[in-house]
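Okay, structure first, notes after.
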Amino acid sequence: MIKLTINGNEAEAAEGQTILDVARELSIEIPTLCHHKAIPPTGACRICVVEITAGARPGLVPACAYPAQDGLEIQTDSERVRESRRMTLQLLEARCPEAKVIQEMAAEYGALDLPLERKDEKCIMCGLCVRVCKEIIGPAATCFAGRGPEREISTPYKLLSEVCIGCGACAFVCPTEAIDPAEFCSIALEKIPNEFNCGLDSRTPVYIPFPQAVPNKPVIDRENCIHFRTGGCGACKTVCPADAIDYDMEDKVVEEEVGAIVVATGYQLMDPAVYEEYGYGKYPDVVTSMEFERMVSASGPTGGGLHRPSNGELPKTIVFLQCIGSRQETDGKPYCSKICCMYTAKHTILYKHKVHDGQAFVFYMDVRSGGKNYEDFVRRVVKEKVATYLRGRVSKVFPRGGKLMVRGADTLGGGQVEIAADMVVLAPAVVPSSGVQELAQKLRIGYDQHDFLLEAHPKLRPVETNTAGVFLAGACHSPMDIPESVAQASAAASKALGLVTHERLTREPTIAVVDELTCNGCFECENVCAYKAIERKEILDKDGVVTAVLAHVNEGLCQGCGACGVTCRSKSLEVEGFRDLQLFSAISAISR
Amino acid sequence: MSEQNLFEAPAGWLKSAVDALLSDGVEVVAPVGAEDGTVDLAPVSSSGAITLEYLNVNQPLKRLFFPQTEVLIEFERQDDGDIDVKSQSAPPEEEMVVFGCRPCDTAALDVLDKVFAWDYDDLRYRERRERATIVAFACTGPDPQCFCVPVGGSPHGSQGSDVLVFTRDDGSALLEVNTPKGEKLMERLGAVARPAQPDSGLPDVPDIHTGFDPEKIKLWLDDNFENEFWAGASLMCVGCGSCTYLCPTCHCFDIVDEGIWNRGERRRNWDSCSFGQFTAHASGHNPRPDQAARYRQRVMHKFKYFPERFGLVACVGCGRCLRACGVGQNLVSVLHDIEKT
Amino acid sequence: MKADGPATDALRKEAADLLSRGDVGVVIGYGRQDDADLAAPVFARNAEDADRLVFDDHCLGNLAVYLPRSEIRAMGRAGVVVKGCDLMAVNVLLRENVIKREDVVLIGTHCAGVGEPQLEKCSTCDVHSPEGCDVVVGEPVDQPKVDEEQRYKAAAEIDAMSVEERWDFWRSQFDKCIRCYACRQVCPLCYCKRCIVEKNIPQWVATSAHLRGSIAWNVVRAFHLTGRCVGCGECERVCPVGIPLGAINQKMSRHVGDSYGFHSGLSADQEAPFTVWSPDDSDEGIL
Amino acid sequence: MSEEKPKKDGQDKWEPRIIAFLCNWCSYAGADLAGMSRFGYPAPIRVIKVPCSGRVDPLFVLRSFEQGADMVLVSGCHPGDCHYTSGNYHARRKLLAFRELLTFLGIDPRRFKISWVSAAEGGKWSSLVAEVTEEARALGPYKEFPRSVSEGVSDEG
Amino acid sequence: MTNGDSVRGNTALTPLDYRPAKMRIESITDETSDIKTFRLTFCDQDQNEQFEFRAGQFGLYSVFGSGEATFCIASSPTRRDYIECSVKRVGRVTNDLHECNEGDIIGFRGPYGNWFPLDEMEGKNLLFVGGGIGLAPLRSLIWNCLDLRDKFADILILYGARTVADLVYKEELKTWRERDDVKTIYTVDPGGETPDWDGEVGLVPVVLEKENPSPENTIVIACGPPIMIKFALFSMRKLGFPFESVYTTLENRMKCGVGKCGRCNVGNRYVCKDGPVFRYSDLLLLPQEF
Ligand SMILES: Cc1cc2nc3c(=O)[nH]c(=O)nc-3n(C[C@H](O)[C@H](O)[C@H](O)COP(=O)(O)OP(=O)(O)OC[C@H]3O[C@@H](n4cnc5c(N)ncnc54)[C@H](O)[C@@H]3O)c2cc1C
Ligand SMILES: Cc1cc2nc3c(=O)[nH]c(=O)nc-3n(C[C@H](O)[C@H](O)[C@H](O)COP(=O)(O)OP(=O)(O)OC[C@H]3O[C@@H](n4cnc5c(N)ncnc54)[C@H](O)[C@@H]3O)c2cc1C
Ligand code: SF4
Ligand code: SF4
Ligand code: SF4
Ligand code: SF4
Ligand code: SF4
Ligand code: SF4
């Protein structure tokens, strides 16, 4: 076992570990640029230098390449070390003023603003990209080209590379974001839009879906993954220290027997491009509320920076348009999307946080702010002049002189208004998640004409469905905000628990029963039952031999609709309470 | 009965007879042809509807006296909870004359008479029988399915008929009177037929080619209630009621109530020992659980039980069951098989 | 004695093989009975019995009717001689779980049509050669093109009448019905352990052979076979009073064909039209 | 025929018997609404509540005629609205096929109505009932159909 | 064959038009969850006075609109002011009968069939073996014999049911037990007993063998479910009872009750006319179709 000291801390190292490895284990920060854990170190950039004070020949050595040795004493942040790094950074900064990491490091080491001639580059010539391509990925699509100051990273003969598989490993390892394989790869490489950020930025094929994902682990998007597309690459596997990547894993259909199902498939926003007058999809500065939400989010694509998508400038004037598609009988959704008024009020506040001197306008039809403290919130926005609320509809959004002209009616103020805006934010109608119809059909639950899922009873059984054991929570039921979704989810959860924690189920008595003496076992009833309540029951003789397979009604699932009994030709199925005899008697009595 | 029992009638006698009876207000039932070529006995309102082109009428004679469905009683619930119960109304007073049935069918009436008068005299059956005079037509051309002779009948059998008619090729006929009822009818028809010379010979009896010995068969049946034979012999039988419903001697029936909320009627309907539910109990137990047992019952009843009980075979050899069976079950082949074993 | 059909020898051989190998416990086929026009069923239990089998144009019956019978099941695996049309009934029995494919051996016969004169259904038959059988015997038969209209001719003739005329027509027909249930018993698809007419709580169908009862019975029978009837024509053939039941079946077959594109019996895994639905089904005639 | 006898309550006008099978969730509620909203609808309609139009066995229609109905109406939720998701789709197939069959047999199809009435359509219900009642009156008693019990004499087959 | 041949039934009802007499339900007793006993009187007072029957005979009872069903007359011929029947709910008519209330009017045709050979039983020991609702026909005879008690020697009643709840005529069982001129053994199938059950536990044939009654000068009358009867007869053979002195009843389905409808026959015997009471030795000669 190797024993050494770093910054006075005693440490143990295994054979083959570098000083960098040991320091990182001790959580001692050593900056690196040309180092990548997947690639054997070269110590080329010399940012990682540390000082050996004892145990070997004293002096500066690159931590990434220098092996840990017994008795070494090391300082990682001595004056000598800092000096060395400063000098390195000064040169790098001059060469690569564009590289953000260099800028930041240089700032830290006071290596900025030196009177050096600046080049306009990002590349620090560490060669990581070349090596990763050759040593790890294999194709060796990139190489150093030219000499001296002309030296650069390129492809052989500076041609579009036929061998580049577009894996992006080079870009991935590049410390300064200096390389973009799209520039030299003969395969057309498309950015993968980051769904979570409404496509406002892009992501890699292996990625963590969104910041709060559960579990918070990366997934591979097979459609875009180079390995799955070409069989090559494998970069992620090589670099994963936990060796967690297994390309042979298959999607699995997991079957679970459950006693209850809660449907919480939520909502999505309707595509506002269908309303041409607002110019969504045509003018980049017209965005949806969801896109806006991501833009102002600190974890969002812009890191919370609000810029006009068209030119990156701060939007000084912003217009929020409400009810895009909502409450529109003719060409939209007749219902109120319920959440837009409140989130727009929130958005105006967020906007004001980002652009203190900005001006926000809200075109609305009615402000619907029912809910605890909601009205106060909106009042505040209006009173404190966070935004100017204009009651009326916008008839047209069109560009003029770099601005977006928003023309609308102010029905309270009277007359036409026209606002020259930098950005327009649309609040599209809330609609159920796509595919919900299929799901509903699978679960045999109802949905309304807008595909929102149907509760069993609007007042008495609001989170239950007509299929026993299936419950609803959240915006899949109707547009609703988070508190309401949570309330419903809690209700659904307790209903579900109520169901699965009891030994016995209570149910309506009006369910179907099978006459086993006459059932033919044709299972025509099984097909018609919307609730999958008909099961196949094996009838055994006393020796345990199956003598017949007959219909059996799962009492927990049957809803008593009676469709099965009508289908059953031999009349072996009847719904209690609506037995054939009862209906015959009714017919007879009523015919007098 | 008087001496004179043979009458001579010229061609066209049937028309005159029917017209005369109709004008007297007598109900006349005679063979009528249907579009599909079948001939059945039906009330006629003129002699024109009658056909003479048939081997035998499709449906058996029994249904005139034992209809396939008939009301036994009618009932009506009164407002005070009492129930008014009425017997079935008696058949019409007027007489009925039936023309055209064959000797096998009339012979079958003997079987029915026995059953319906046994101990308890079935009132409605008796009334219907009493008002009817039966003028049977002797068989001229029995087909290969006919087998009246082995079961004690004959194409010229007079059993059960009041008058038996032998039609000659020229349309004229010899009428043989067998009962006082027949005599009365002849009196009534006075002009239509004249007494015939005792020596005006009857036509020859046509041949029946099928033969077996019911005695022999009964002997076998006596010992073979339990026998593999039945399972094999009944395999093709699908258990419908065709053979029994068309059989002139089969007489099983069911009694059911039908009605609306406060009124209804109790009906007697034909039933058949071929049906699976015929003897089934509420518990699911069925004394005749399979078609073998049911087919056995049919044969046993006709050739063993009935003769034991009433002294005659309950089959008259009309051959209807052979013709009607949709799957080709053939009573005669079965009897031959029995005879052979 | 009529000459044996050309398929007879092959049939006997196949049946004898199956029986002697013990592959089946019984072969249900046709046999000849004296001079009868109808070849009656034969249940061959051993290789010698197989010599009683024939196949010729007297083989009218649909032997699939015997497959659900407990007596037959008790004999073990059953070989059954099927014409193309009979096979369709087997398909429905398979679909409805009445029989299992592994419990039957289907001995198909190429069939140019049966009956003297030829049955109406044979003139519009499009399955002269059965498909999907375990064995097929006989000489393949040319499959003439079938005129769809011709297939529904009997129904079309009645359809052409006015409602009143139809009522008169059917009333006179149903008046004849003696409720012998031969139509049901001979139907391979009327295999119910207890037919609805035998259910008396409530009494769905009056058992009396009066017009009301017979209308109810014939309506029920036709409706229970809607979407299932394969048009083998057995019910009409055996009806002892000659009610044209086939026309009703045709009418309903045409209805499910035209409305839902469904033709019964084509395979064992079709879904019966009354057990499925489509939102696009016609709303015509609904207020 | 009993139908033509004057009614007990002194009205001497013949009124048709219309038996209506209404699904609990839509049409019955719609009829209820019609009642509550005082839309009012003609009296001859006699309602039987069933869970779902899919519960209406086509044979109930026949039964109703046998028991004396002059017209039968089956009403359920509009397609897509079924409380049990698909009962009305099943009903649609079966009932329309059944009507096809009745029509073919000469049983007057005008005497068998099918409708979709939602819980909200009180107005539709009352106008529909008015309409079919008018039609039933115009058609007159359904004498042709053999009833379970006819006055006095029984119909023998 | 049986005594029924020598003494014809009450044929007062010939000629026959199937019209039932009206009877009023005087009272209804719940025997078990699915068996009720109905006490009936004729609506027509004359009929009440004229009506006669013998133990073992049956009638066709009808609920108008629902149909007719066959039940034995469960009351004794010695009680002349009413008749009783006990009905198990199994089908259409029995269901509807169970729905009837006191005061309702039902129909009755009968009495039909033969009866137990009372003359032959005089001076003999009587062994009644009953199971379940099979006690109904026996009850008629038991009361008949008890009302004429001196005519018979020892009387032993062995009655069993599946469970205590399935025992019928619970009050009468008590009455019989309390009498000192009858011996009673009541039993329920193993598992069918309740904590306070003070009778036997065991199947009827088993209890019978344990009791070991003497066949000497004894006539056995056994009624019950076919399976019980079958094993009881085995036991009887073991105990040495000659089949000539064992009587039982058959319940083949019937519609007319008068030998016409053709479904109750066992061989050439009609249960409705030659039965329902059969001497066991005679039954053995018939095809086993019941
Ligand atoms: C711009 C904007 C701002 C908002 N701001 C606020 C706010 O500040 N406060 C507030 O209270 N509310 C706000 N809301 C409303 C809030 O987003 C919703 O109330 C909430 O998301 C509803 O939650 P949910 O769980 O029902 O649905 P969702 O959040 O939509 O979740 C549904 C989940 O189900 C998944 N899913 C869908 N279909 C399937 C399927 N077939 N199988 C498996 N999974 C599926 C989806 O991928 C999703 O993860 C805002 C809404 C918008 C549009
Ligand atoms: C001589 C005799 C005495 C009887 N005594 C009694 C008695 O004291 N108490 C009692 O509860 N029952 C008795 N039974 C049985 C009783 O007749 C039947 O349970 C009754 O007829 C059923 O009528 P249902 O209309 O309720 O049944 P249905 O609805 O007609 O039939 C229901 C089921 O019962 C079967 N069934 C119909 N009739 C009979 C029948 N006669 N016997 C057996 N099964 C039948 C049917 O096949 C069907 O499966 C007796 C039967 C006979 C023949
Ligand atoms: S439809 Fe009827 S017969 Fe068929 S499996 Fe279902 S209950 Fe049984
Ligand atoms: S009644 Fe029948 S079809 Fe309806 S839910 Fe119950 S089992 Fe399913
Ligand atoms: S023998 Fe023929 S007609 Fe008679 S029941 Fe059997 S199949 Fe039907
Ligand atoms: S058994 Fe057949 S042949 Fe004999 S009488 Fe009856 S139908 Fe005719
Ligand atoms: S076969 Fe003919 S007569 Fe017999 S029940 Fe069927 S339709 Fe009626
Ligand atoms: S008619 Fe209907 S109930 Fe009767 S056997 Fe045929 S399918 Fe079954």
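So that the names make sense, note that chain A is the first sequence line, chain B the second, and so on, each numbered from 1. Note that these values count all heavy atoms, side chains included, but never hydrogens, waters or copies made by symmetry.
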Exercise. Does the side chain of A:Ile324 reach to within under 4.5 Å of the side chain of A:Tyr275, using non-hydrogen atoms?
Worked result: yes
Problem set entry | Part of A:Tyr447 lying under 4.5 Å from any heavy atom of chain D | backbone
For this session: Determine the option with the most heavy-atom pairs under 4.5 angstrom with chain A, choosing from D:Gly87, D:Ser64, D:Ser86.
Result: D:Ser64
Problem set entry | Atom group of D:Lys49 that falls short of 4.5 Å from chain A, counting heavy atoms | backbone
Problem set entry | Side chain / backbone / both / neither for D:Tyr89 at chain A, heavy atoms under 4.5 Å | neither
Problem set entry | Electrostatic pair D:Asp70-D:Arg137, nearest N-O below 4.0 angstrom | no
For this session: Examine whether an atom of D:His90 lies under 4.5 Å from a heavy atom of chain A, and if so say whether it belongs to the side chain, the backbone or both; otherwise answer neither.
Result: side chain
For this session: With the side chain counted from C-beta on, respond yes when D:Pro51 and D:Tyr84 share a heavy-atom pair under 4.5 Å apart, and no when they do not.
Result: yes
Problem set entry | Sub-4.5 Å side-chain heavy-atom contact between A:Cys525 and A:Thr567 | no
Problem set entry | Centroid-centroid distance, A:His477 to A:Phe452, less than 6.0 Å | no
